Amino acid sequence: MTIAVSLVLALALGGCGGSDVRSERGSVTVGVLLPAAGAASRTGQFDKPLIEKKLKELCPDCRVQSTDAKDDVTVQQQQIDSMLTKGVDVLILMAVDPKAQRSSVAAAHEQGVPVVAYDRLAEGPVSGYVTFDGAQVGRAQGEALLRAMGAHAQDGQIVMMNGPTTDPNAGWFKRGALSVLRGRAKIARSYDNIDWRAGTAHTNMSGAIAALGGENIDGVLAANDHLAGGVISAFKVAGITPLPPITGQDAELVGVQRIVGGEQYMTVYKPFKPEADAAATMAVALARGEKLDDLADTRVDNASTKDIPTVLLDPVPVTVGDIKDTLVKDGMYTIDQICTPELRSACDEAGLT
């Protein structure tokens with residue numbers, strides 16, 4: 001589903017003040033459960049405020065309870081239990097560990113509380129799901145890496161720095177990338193990094209450099225910007241220059257700055273507003289007892305539930321020449337945020353200033 005279509009979905013409800021709203025208290029309570037919500041995190045900086053804003057637009061009388069699990073599975077389980085005890089009407093859940101939250105999703109279902117899986121497909125009886133097309137993300141990374149490697153792609157060596165096996169999105173990204181890379185480049189090493197930790201990526205990349213020789217690594221497919229940061233730090237510690245092309249995802253500010261500075265080749269931008277809008281729209285519809293047939297034209301399965309109504313959004317690959325027409329144009333970052341004094345010269349060269 002395109003971003004334009006998702007924006008149409010976000011307007012589909014218009015409001016939720018009618019008598020059909022499902023709540024004994026006369027107003028709806030929406031629980032928003034995020035793995036992290038600090039100002040420095042993607043979810044805290046973008047997803048949380050955007051979801052809350054859209055919920056208030058659709059349902060001014062709705063109560064919104066947002067939590068920060070601090071990337072702790074047990075903490076998030078406790079937060080879900082607490083919300084269910086207090087009588088929440090619908091949950092928007094970005095699971096720390098989608099498998100581990102299966103029992104919590106089941107508990108919500110038993111109490112008649114629908115769950116919208118946000119960005120990551122939680123297991124259990126999920127009522128709706130919104131995310132970006134992970135296969136497209138992986139393909140975009142793989143294609144960009146091959147372009148950057150140029151003539152070195154066919155006989156060169158790639159290191160894959162994937163996300164954790166506990167995150168279904170990580171496997172989705174990986175399969176998408178492999179669909180492009182297999183037969184077109186040699187994958188010399190591949191690592192699955194626990195909890196998307198940059199420190200783990202640094203350790204794994206250091207091992208790959210020791211085994212292969214830094215000068216023999218022609219490209220790194222890092223699944224997101226956080227992992228890319230660990231990869232780059234490992235190359236720097238090893239004294240490898242110039243750096244090979246390195247991919248990323250999420251368009252984190254530090255990742256964008258690394259692209260401007262020439263340390264990272266690309267990132268994948270996932271416009272967070274359409275995703276947040278679609279999740280809020282789903283949640284309000286479910287709270288009203290409405291079906292999602294008109295809101296989601298895709299169906300996916302998890303380990304226990306089939307045909308989950310799903311909104312799939314389109315990711316956007318970004319290299320240095322695209323920053324101005326994507327991230328800056330969309331208002332994600334300003335030129336001043338990107339172009340620190342240290343990067344002014346590079347920003348001038350990139351046409352950003």
Side-chain angles (χ1 to χ4, degrees), residues 9 12-13 15-35 37 43 47-48 51-52 54-56 58-69 72-131 275-296 299-311:
L9 298 185
L13 296 181
C16 77
S19 60
D20 55 349
V21 174
R22 183 182 61 81
S23 177
E24 295 178 359
R25 297 181 302 279
S27 65
V28 168
T29 300
V30 182
V32 180
L33 297 127
L34 300 171
T43 47
D47 301 88
K48 179 178 181 288
I51 290 171
E52 291 177 345
K54 192 62 184 180
L55 286 170
K56 287 300 183 182
L58 293 171
C59 186
D61 295 330
C62 282
R63 303 171 188 171
V64 180
Q65 297 179 6
S66 299
T67 61
D68 177 353
D72 188 305
V73 173
T74 301
V75 169
Q76 191 168 71
Q77 288 172 331
Q78 293 169 346
Q79 291 169 341
I80 295 173
D81 291 342
S82 176
M83 287 188 179
L84 294 176
T85 299
K86 293 177 181 178
V88 71
D89 295 292
V90 61
L91 297 174
I92 297 174
L93 171 64
M94 186 176 181
V96 174
D97 184 333
K99 290 184 179 179
Q101 302 303 13
R102 180 171 178 170
S103 61
S104 297
V105 174
H109 181 72
E110 289 172 4
Q111 294 186 34
V113 177
V115 175
V116 175
Y118 182 76
D119 202 68
R120 301 170 183 167
L121 182 55
E123 293 197 2
V126 171
S127 298
Y129 176 39
V130 56
T131 193
E275 186 179 25
D277 285 356
T281 303
M282 279 187 170
V284 173
L286 291 167
R288 298 178 70 178
E290 298 176 355
K291 294 183 178 181
L292 301 181
D293 295 346
D294 293 334
L295 302 179
R299 297 292 184 271
V300 302
D301 304 336
N302 64 19
S304 62
T305 306
K306 295 188 179 300
D307 297 325
I308 299 168
T310 300
V311 173

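In this chain, numbering begins with 1 at the start of the sequence shown. Remember, it's a predicted structure, so these values are computed and weren't measured experimentally.
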If you take all heavy atoms of [X] and [Y], which pair is closest and at what distance?
X: Val28; Y: Ala287; value: CG1-CB, 3.8 Å
X: Ala69; Y: Val96; value: CB-CG2, 3.9 Å
X: Thr29; Y: Gln65; value: CG2-NE2, 3.7 Å
X: Thr305; Y: Pro125; value: OG1-CA, 3.2 Å
X: Tyr118; Y: Ala279; value: CD1-CB, 3.5 Å
X: Ala122; Y: Val105; value: CB-CG2, 4.3 Å

* To do: For residues 92-113, pull every pair meeting salt bridge (charged side-chain N to carboxylate O under 4.0 Å, His left out), keeping only residues two or more places apart or in separate chains.
  => Arg102-Glu123
Are [X] and [Y] close enough that some pair of their side-chain heavy atoms sits under 4.5 Å apart?
X: Leu121; Y: Ile308; value: yes
X: Ser104; Y: Gln76; value: no
X: Cys62; Y: Leu55; value: no
X: Leu295; Y: Val311; value: no
X: Met83; Y: Leu33; value: yes
X: Val113; Y: Val88; value: yes

* Is the closest side-chain donor-acceptor distance between Asn302 and Tyr129 under 3.5 Å? -> no
Could you tell me whether the side chain of [X] and the main chain of [Y] form a donor-acceptor pair under 3.5 Å?
X: Thr85; Y: Asp81; value: yes
X: Gln77; Y: Ala100; value: yes
X: Ser127; Y: Val116; value: no

* Listed by chain and number, what are the side-chain hydrogen bond (donor to acceptor under 3.5 Å, both in side chains) partners of Glu52, not counting sequence neighbours? -> Lys48, Ser66
* Taking only residues two or more places apart in sequence, or in another chain, which ones meet Asp307 in a side-chain hydrogen bond (donor to acceptor under 3.5 Å, both in side chains)? -> none
Rounded at 0.5 Å granularity, tell me how far [atom1] in [X] sits from [atom2] in [Y].
X: Met94; Y: Glu275; atom1: CE; atom2: CD; value: 7.0 Å
X: Asp72; Y: Gln79; atom1: CG; atom2: CD; value: 9.0 Å
X: Ile80; Y: Leu91; atom1: CD1; atom2: CG; value: 6.5 Å

* Asked: Pick one: which of Asp61, Val64, Val30 meets side chain to side chain contact (heavy atoms under 4.5 Å, CB included) with Lys56?
  -> Val64
* To do: Would you indicate whether Lys291, at its atom NZ, is surrounded by more than 12 heavy atoms from other residues, nucleotides or ligands within a distance under 6.0 Å?
  => no
* Salt-bridged, Asp89 to Arg288, with N to O below 4.0 Å? -> no
